[in-house]
Amino acid sequence: MEYGQKALSVNSNDTEFRLFLSRYASIYKDYSSVVLLLDVPEIKKQNDPDSFIKLAEAYEHLKNEQKAIEIYNNILVQFKGTSHAEKAQSYLDSLYKG
């Protein structure tokens with residue numbers, strides 16, 4: 001959570017800044033920072049499917065499967081018929097098999 005907290009101390013209200021930083025946090029497997037940066041109403045209002053996928057993946061890595069499942073299910077509803085929904089379904093299938 002170190003990087004996310006430092007970043008938010010600099011600029012906590014800029015959604016584009018949060019999205020940008022979350023990509024790097026995800027690359028560096030700093031999943032606590034991904035959650036800190038993305039699981040806020042301002043980001044959810046952006047309705048960005050890539051952010052939702054990253055957030056669900058972060059919860060999955062943090063062993064919060066219930067939260068990951070909830071987000072993947074929301075992706076299925078909000079982005080029905082898209083590649084994002086297919087990806088979410090694939091992740092859900094692997095969670096249920098796991």
Fill in: Phe52 and Phe79 aromatic ring geometry - parallel, tilted or perpendicular at 30°/60° bounds
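It falls in the tilted class, 30° to 60°.
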
Separation between [atom1] of [X] and [atom2] of [Y], rounded to the nearest 0.5 Å:
| X | Y | atom1 | atom2 | answer |
| --- | --- | --- | --- | --- |
| Ser83 | Glu86 | OG | CD | 6.5 Å |
| Tyr31 | Ser22 | OH | OG | 13.0 Å |
| Asp39 | Lys67 | CG | NZ | 5.0 Å |

For residues [X] and [Y], report the shortest heavy-atom separation together with the two atoms involved.
| X | Y | value |
| --- | --- | --- |
| Ile43 | Ser51 | CG2-CB, 4.5 Å |
| Glu60 | Tyr72 | OE1-OH, 2.9 Å |
| Ser33 | Asp30 | OG-OD2, 2.7 Å |
| Val35 | Ala58 | CG2-CB, 3.9 Å |
| Ala56 | Ala68 | O-CB, 3.5 Å |

Item to complete: Walk me through it: do Glu57 and Lys54 pass the test salt bridge (Lys or Arg N to Asp or Glu O under 4.0 Å)?
Response: CA-CA 5 Å; Glu57 289 173 340; Lys54 282 189 189 346; 5.6 Å; no

Practice prompt. Find out if a path of hydrophobic residues (ILVMFWY) with successive side-chain heavy-atom gaps under 4.5 Å connects Phe17 to Ile27.
Written response: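 Phe17 and Ile27: one cluster.
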
Discussion item. Any non-hydrogen side-chain atom of Leu37 less than 4.5 Å from a side-chain atom of Leu19?
Written reply: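 Side chain of Leu37 against side chain of Leu19, heavy atoms only: no contact under 4.5 Å found.
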
Worksheet entry | Ile69 side chain near Tyr96 side chain, heavy-atom distance below 4.5 Å |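 In contact.
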
Worksheet item: Testing Ile71, Asp48, Ile75 for side chain to side chain contact (heavy atoms under 4.5 Å, CB included) with Ile53, which one passes?
Response: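 Looking at Ile71, Asp48, Ile75, the match for Ile53 under the side chain to side chain contact (heavy atoms under 4.5 Å, CB included) is Ile75.
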
Discussion item. Under the criterion side-chain hydrogen bond (donor to acceptor under 3.5 Å, both in side chains), I'd like the reasoning laid out for Asp93 against Gln89: C-alpha separation, chi angles, the key distance, then a yes or no.
Written reply: CA-CA 6 Å; Asp93 291 345; Gln89 185 62 60; 2.9 Å; yes

Fill in: Side chain Ser26, main chain Arg23, donor-acceptor under 3.5 Å
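No, because the side chain of Ser26 does not come within donor-acceptor range (under 3.5 Å) of the backbone of Arg23.
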
